[in-house]
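Here is the structure we will look at, set down as structure tokens.
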Amino acid sequence: MPSPGAGTIRLELPDRTTREVPVGTTAEEVLRHWQPASAGSWLAAQLNGEPIDLRRLLASGGRLAPLTFDDPAGRDIEQHSAAHLVAKAVTELIPEAKPTHGPPTEEGFFYDFQMRPLTAEELPALLDRMHESIRRKDRFEREEVSKEEARRLFAHNPHKLRYLAEAPEGAPVSLYRTGTFVDLCRGPHVPDAGWLEGIHLLGFSSIQPETPEPGATFQRVRGVAFPTKPALDAYLKRRAEAEARDHRVVGPRLELFSFTDELPGFPFWHPKGMVVVRELEAFVREHLAEAGYSEIRTPLLYPQATYETSGHWEHYRENMFLTTADERSFGVKPMNCPGSMMIFRSRSRSYRELPMRLAEFAPLHRLEASGTIHGLLRAREFVQDDAHLFVTEEQILPEVQTLFRWIDRAMRTFRLGWSAELSTRPTKFLGDPAVWDRAERILSEVLEQSGVPFKVSPGEGAFYGPKIDIHLRDSIGRSWQCGTIQLDFQMPLRFGLEYQGTDGGLHTPVVIHRVILGSWERFLGVFLEHCAGWFPPWLAPVQVRVLPVTERQMDRVGEVTAELRAAGVRADATDSADTLSKRIREAETAHVPYIAVLGDQELQHDTVALRVHGQKGQRALSRSDLIALVREKVRTRSYDP
RNA sequence: GCCGCGGUGGCUCAGUCGGUAGAGCGUCUCCUUGGUAAGGAGAAGGUCGAGGGUUCGAUUCCCUCCCGCGGCUCCA
């Protein structure tokens, strides 16, 4: 490739064509020349993969590409620009507010301020200010100043000074000016506020800053932005639909569970909900049987001494329900580990018994902070699909591989997307670093083999070992940790666990604490939102509802219902008091997947008219075919009825 | 736990500028025997989250508490 002439730079565009332009040409000019028709959809550009402003004067060559709102990087630029607009409005209305930072988030953006609490009455004024800017199409202008000058400019704002201190010495820093508002910012930004037509504030709240300052209060304003109003409207519609799936509304309406003010955070499982829980348990127990687990039951209450051994007394006491009896202090167990350890320890063990896999589905109690309780997703009492695997170091790999196969199968059954997070050795850790390294390598290898996206959180592991967390999302996109696979080198030592190895010596096992679905509560909360209350047939509390057209068919309704039940199908029936349409509607709103109607025609041919959720119309089926159909869907755990 | 907002029949909500409350759905009863998402009529059901204060009088105003919602922190 010939080198460009003096004072010119060479740019390669996405279609591999190149342009030679004078230094100081803007990115936009080059791109517009290349593809004039699409210019309106660009909110920024990328030079060698680095996002830059469209109006940026190009000083060096490289690969140049436009960014649209549909590019993840473009979306982030839109959000971050919207954050500036919020900061502009807030500081104009409340001059003493000190902006800190305003990054894009997965959903939208936020901007944090050191300021007194906002009130709901102030929001309309904020929005007005923002929309004025949008109408005027206020430009986002980049400036570069020396660090010293920036320090003078932001002398009143300790947060900006802190960010400045982190910037490299000697190099200029960039500012972005939008109308009267100037922010210390790397950029880039959309060209002007007209790009933020679809801005929407999601709310505001106080936050705890990363660097707490006595007496200072901080507010976070959250929002989301789209380039156009119709795009925002589409988002708001989607969001409203997602909110309608809220398990805290759907669950009680389907008579699955309820809560009471007298005991916040404690789910009451109603008959229909209990059916679902039992089916989930059965699903998990199938895996336990295949994978060689044994089930145990251990006490719910342990004395202080046990928790001192396990480390809970030191590290977890403030989250425990404590009680006193016979002048001794007890705690209700927040986790199952101590009981499992004590069963392992109950007699001497041989390497031949490993891996020893002990599962326990016991109610756990955790005194979660009152502000964090959230329906089934964050309860104070819940049951995990918990197990502890006592293994040798060599057995870690195959065991974790088996767990991942099971996670994959489980999540496919529920059609749930999931992500994983690997947390590695923290600065404060116990045990041998070499063992940690090996264990972390095993976990990341298995994750890579699984093909599931995962992120690594360096130093976020527990003090006793590295872990993998499995995350699921609720209907409005909030992420919840459900499964977790934790390697533990520590608790076996604290409990003095030993087994006799092939060498005749005594060794300490490694313990894998693992839950897969998480807890029945959290998992069902997420899944209820995922399926919008339409459980697959195998989980549906009522699988078939039998309806007579008139009371002439009542006897046959009784027969068919009894037959279904005898075949292990969960069936119920209505009488003929309401109109057929009304009873169909009730069955639909109760989310019954199969509705079997019996009229004179069906009586004559000994069939049922079956209406299947998600399918149009109905079809005639013999009684035995109906039973076979439902049983097959249940046996295969089909997602669709 | 922190900040903000909220709490009216089972549910969704209206209302009372301080004079103790209404609707729809649901429930119950009766009529209707209807062929795939709401047939008709009538009735029952609320000390307006709890306690305290101000007032002749508080569901309404003030305070405290409880609970809920959205964030923050934290977590299955």
Side-chain angles (χ1 to χ4, degrees), chain A residues 105 110 112 115-123 201-210 212 217-222 243 246 248-249 252-253 255 258-265 316 318-319 334-336 364 366-386 469-472 476 478-484 486 513-526 547-554 575-590 595-602 609-613 616-619:
Chain A
T105 63
F110 63 78
D112 289 347
M115 64 183 294
R116 49 128 179 115
L118 278 162
T119 67
E121 291 75 46
E122 291 171 302
L123 284 185
L201 293 187
L202 289 163
F204 56 89
S205 63
S206 81
I207 56 156
Q208 326 218 337
E210 292 154 34
T217 61
F218 288 78
Q219 289 279 296
R220 171 168 298 178
V221 181
R222 297 178 314 118
E243 278 169 8
D246 192 324
R248 292 166 299 181
V249 177
R253 189 169 62 70
E255 301 184 276
S258 64
F259 289 92
T260 166
D261 287 358
E262 289 165 58
L263 197 60
Y316 207 76
E318 65 281 4
N319 275 307
M335 300 174 195
N336 287 312
L364 304 178
R366 299 184 187 175
L367 188 53
E368 300 290 357
S370 60
T372 64
I373 305 278
H374 188 94
L376 291 182
L377 295 181
R378 191 80 181 283
R380 283 178 165 173
E381 192 226 29
F382 54 91
V383 178
Q384 296 179 320
D385 59 326
D386 199 8
D469 292 326
I470 307 298
H471 292 264
L472 303 179
I476 61 170
R478 288 178 292 211
S479 173
W480 296 90
Q481 184 193 317
C482 288
T484 184
Q486 308 184 349
H513 306 250
R514 109 288 175 280
V515 301
I516 302 304
L517 302 184
S519 63
W520 310 139
E521 286 77 11
R522 180 170 286 183
F523 184 80
L524 277 175
V526 168
L547 315 185
V549 175
T550 73
E551 69 182 342
R552 289 192 299 279
Q553 296 89 31
M554 279 305 287
D575 59 25
S576 62
D578 291 307
T579 59
L580 182 62
S581 285
K582 171 98 178 246
R583 287 175 285 136
I584 295 273
R585 180 172 199 276
E586 278 169 356
E588 290 284 348
T589 55
I595 302 172
V597 175
L598 294 176
D600 285 336
Q601 280 174 45
E602 286 72 30
L610 188 68
R611 176 182 168 121
V612 180
H613 174 63
K616 281 208 161 69
Q618 25 336 131
R619 54 183 157 143

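Lettering of chains follows the sequences in order, A, B, ..., and the numbering in each one begins at 1. Just so you know, these numbers use all the heavy atoms, side chains as well, and skip hydrogens, waters and symmetry mates.
Distance Ile373(A) CD1 to G68(B) P: 7 Å, rounded to the nearest Å. To the nearest angstrom, P of G68(B) lies 14 Å from CG of Asp246(A). Rounded to an integer number of Å, the gap from Met335(A) CE to C74(B) P is 16 Å. Here the C1' atom of nucleotide G71(B) and the CZ atom of Phe218(A) are 16 Å apart, to the nearest Å. To the nearest angstrom, C1' of C67(B) lies 14 Å from CZ of Arg248(A).
Among the protein residues, His374(A) comes within range of the sugar-phosphate backbone only, with heavy atoms under 4.0 Å from sugar or phosphate atoms but none that close to a base.
Remark: Arg220(A) is positioned above the aromatic ring of Phe110(A), its terminal NZ or CZ atom under 6.0 angstrom from the ring centre and at most 45 degrees off the axis.
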> Could you run down nucleotides 24-36 of chain B 5' to 3' and tag each one B, S or - for protein heavy-atom contact under 4.0 Å?
Replying inline: --S-----BBBBB
> Can you give one letter per nucleotide of nucleotides 2-10 of chain B, 5' to 3': B if a protein heavy atom sits under 4.0 Å from the base, S if only from the sugar-phosphate, - if neither?
Replying inline: BBS------
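A41(B) is paired with U29(B) under the criterion used here, namely a Watson-Crick or G-U wobble arrangement in which both key atom distances are under 3.5 Å. Using the Watson-Crick or G-U wobble rule with both distances under 3.5 Å, G70(B) pairs with C3(B).
Salt bridge absent: Arg619(A) and Glu602(A) never bring a charged side-chain N and a carboxylate O closer than 4.0 Å. Ion pairing of Glu588(A) with Arg611(A) is present here, as a side-chain N (NZ or NE/NH1/NH2) and a carboxylate O approach within less than 4.0 Å.
The base of C11(B) lies outside donor-acceptor range of the side chain of Arg253(A), with no N or O pair under 3.5 Å.
For the pair Arg552(A)/Asp600(A), a side-chain contact is recorded, criterion being any heavy-atom separation below 4.5 Å from C-beta on. A heavy-atom distance below 4.5 Å is found between the side chains of Asp469(A) and Gln481(A).
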